[in-house]
There are 2 protein chains.
Amino acid sequence: MEENAPSGRRSGWKQDPAAVQADILRAATEEFARNGLDGARISDIAERTRTTKRMIFYYFQDKQTLYRRVLEEAYRKIRAEEAELNLGALPPLQALRRLVEFTFDHHRRSEPFIRLVMIENIHAARHLRDSDLIARVNDSAIERIRDICTRGQATGEIRPDITPLELHWMISALCFFNVSNRPTFGTNFGDELFTEQAQARLRERVADMVVAAARA
Amino acid sequence: MEENAPSGRRSGWKQDPAAVQADILRAATEEFARNGLDGARISDIAERTRTTKRMIFYYFQDKQTLYRRVLEEAYRKIRAEEAELNLGALPPLQALRRLVEFTFDHHRRSEPFIRLVMIENIHAARHLRDSDLIARVNDSAIERIRDICTRGQATGEIRPDITPLELHWMISALCFFNVSNRPTFGTNFGDELFTEQAQARLRERVADMVVAAARA
DNA sequence: CCACAAATGAACCATGCGGTTAATTCTGTC
DNA sequence: GACAGAATTAACCGCATGGTTCATTTGTGG
C-alpha cells in the first residue's frame, strides 16, 4: 500500500527517475566544479552518468538550469553539514574558536563547493540571485554566530562593537581563501603552507586571530 | 635620426604595431577578467579594439597564449604598483599596519586583477605555472614583509614564531576575499559590509587582526 | 489487456566560435 | 622606384557543442 520513497530501494524496477536525476546532479556537480559553467561540457557530464545526454535536457531544461540546480543542491548540503555543529553548550569564546576550527576543516574537505562559489563569484552571483531556494538557507550561519555574540556580550567576554556579520566575514575570508587560492598562492610562493603541519598551525593562527578580534 | 619609442607618438604614421598589441592586451584583459578564459569571446575582444580579430591571432598565436600574456601583464603591473610603497622608514608594526591598509585599498581598486587570479585558481594555476616571467615577480612581496619581520623580531616587537609567508597569507586572504567574494557574500548576507563606512571599519579591523597576530 | 503518460535511446541539427587563407597595403632599403 | 618583408583586411572554414526530433520502450490505472 505504502509507496516507496522516490529514490528508495526499487529492486526489480527497471526505471527510477529520481535516482537518474540524482545521478545527473552528482555528475554535473563534479563537472561544473572542475571546469566552470562555460568550461563544462554536457556530453562530459553525460559520460559520467549511467544515463544519456538526452535525459539531462529531459529533466533539467538547459545548461544554466542544471547549473543552478547544482548550486542550490551544493548550498543545501553544505549548510546541512554545518548545522550538525552544536555550540550552545560551550562558553562564547570557546564556541567561537570551535566554529572557526570546524569551518577551517570543513572548507578544506569541501573543495567542490568552494569552487562552485568561486565560479559563481566570477559570474557576479547571477545564478545565486536567481535562486529563491537559497535565500534563507544562509541565515542560520549568521544566527549561530549571533547567539555566540549575545551570550558573550552579556558576560562581557566579547567586545560590544563587533557584529556577527563581521565575524562571519573574517572566518569565511580566512577559511575560504585557504582553499580557493591554494593554486596561485602555491605557485607563487611555494607549497610550504599547505603541508599537514603548516595547515594545522595555520588553523590555530586563524582561530587565534578571530577570537582575538572578538575578545573584549 | 633617432627612432621613436615603438609605442610613442607616431603622428603621420599609419602603422604602429606596438600600440596595436597594447590595445589588444588592454581589451583582452577587460574581456578575460569579465568572462573568464572559456567565457571570453575573441570576437568580443576584437570589437573592443581599434583592430580586427585577425590581428589578435597574428600577434598572439591563440586564445590561451593571449590569456597567458594578459595574466603576465596584470601581475607585472600590480607588483609594480605595490613596489611604490616605502615601508623602510616606519617602525615594524607600523609598517605592517600600513602594508595591510595599503593592500586592502589596493585590492579594492584592482578588481580586474583579482578576477584574473580567481579565474586562474579555477584553472588550478595551470597558465601561471607555464609562465616563467611571473615566477620571481612575487618574491618582492615576501621580501618586503621579511624585512619588517627581521626588524621587528630584532627589537622584540614581533613574535619570533611567525613567518613572512604566514603574514602574507593572512593579509592576502582578508584583502582578496573582500573583493573576490563580494557577489556571493552580498547576495547571501546583504551588502551592509560593502558600504564605504563598513569598508573603512573592516579595513581597520583587518589591520588590527594582522598586527595582533604579529605582535609579540 | 488496453490506453495513455512517463521515460528512454539514437541519430540529427544549427550555429557560434576559434582559427585560417589568400590577397592587399604599408614601410624601410638599395 | 622596385623589391622584401611586415602589417592589415575581408572572407572563409571545420567542428565542437548545446539543444532537438522522432520513434520506442516501460510503467500505471481502469
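All chains are named by letter (A, B, ...) in the order of the sequence lines, taking the proteins before the strands, and each is independently numbered beginning at 1.
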Distance, rounded to the nearest Å, where [X] contributes [atom1] and [N] contributes [atom2]:
| X | N | atom1 | atom2 | value |
| --- | --- | --- | --- | --- |
| F57(A) | dC12(C) | CZ | C1' | 14 Å |
| R50(B) | dT8(D) | CZ | C1' | 15 Å |
| D23(A) | dA7(C) | CG | P | 16 Å |

Test salt bridge (Lys or Arg N to Asp or Glu O under 4.0 Å) applied to D130(B) and R68(B), step by step: CA-CA 8 Å; D130(B) 286 351; R68(B) 217 199 55 224; over 6 Å; no
Contact list for residues 170-197 of chain A, test salt bridge (charged side-chain N to carboxylate O under 4.0 Å, His left out), sequence neighbours left out: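 Those involving residues 170-197 of chain A are R108(A)-E196(A).
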Pairs satisfying salt bridge (charged side-chain N to carboxylate O under 4.0 Å, His left out), at least one member in residues 48-60 of chain A, at least two apart: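 Salt bridge (charged side-chain N to carboxylate O under 4.0 Å, His left out) check on residues 48-60 of chain A returns D23(A)-R50(A), E30(A)-R48(A), E31(A)-R48(A).
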Whether F185(B) and F189(B) hold their rings parallel, tilted or perpendicular, with breakpoints at 30° and 60°: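 Judged by the thresholds at 30° and 60°, the geometry between F185(B) and F189(B) is tilted.
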T51(B) side-chain N/O to dT9(D) phosphate OP1/OP2 under 4.0 Å: yes
Consider the side chain of [X], meaning its heavy atoms from C-beta on, and name the nucleotide among [options] that approaches it most closely.
| X | options | answer |
| --- | --- | --- |
| K53(A) | dG18(D), dG9(C), dA7(D) | dG18(D) |
| R54(A) | dG9(C), dT9(D), dA7(C) | dG9(C) |
| M55(A) | dG19(D), dG9(C), dT8(C) | dT8(C) |
| Y58(B) | dT8(D), dG19(C), dG9(C) | dT8(D) |

Ring pair (Phe, Tyr, Trp, His ring centres under 6.0 Å): pairs with one or both residues in residues 20-54 of chain A, sequence neighbours excluded: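 Every ring pair (Phe, Tyr, Trp, His ring centres under 6.0 Å) pair that includes a residue of residues 20-54 of chain A, provided the two are not neighbours, is F32(A)-Y67(A).
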CA sep, side-chain torsions, deciding dist, call: R97(B), E101(B), salt bridge (Lys or Arg N to Asp or Glu O under 4.0 Å): CA-CA 6 Å; R97(B) 167 170 290 272; E101(B) 291 171 345; 3.7 Å; yes
Positions of residues 24-49 of chain B (non-hydrogen atom under 4.0 Å from DNA chain C), listed by number: A40(B), R41(B), I42(B)
Residues from residues 59-72 of chain A lying under 4.0 Å of DNA chain C - heavy atoms: Y59(A)
Qualifying residues under side-chain hydrogen bond (donor to acceptor under 3.5 Å, both in side chains), relative to R205(A), sequence neighbours excluded: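 By the side-chain hydrogen bond (donor to acceptor under 3.5 Å, both in side chains) rule, R205(A) matches E166(B).
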Stepwise side chain to side chain donor-acceptor pair (under 3.5 Å) check, N178(A) with Q199(A): CA-CA 9 Å; N178(A) 186 48; Q199(A) 285 280 297; 2.8 Å; yes
Any donor-acceptor N/O pair, S131(A) side chain to H127(A) backbone, under 3.5 Å: no
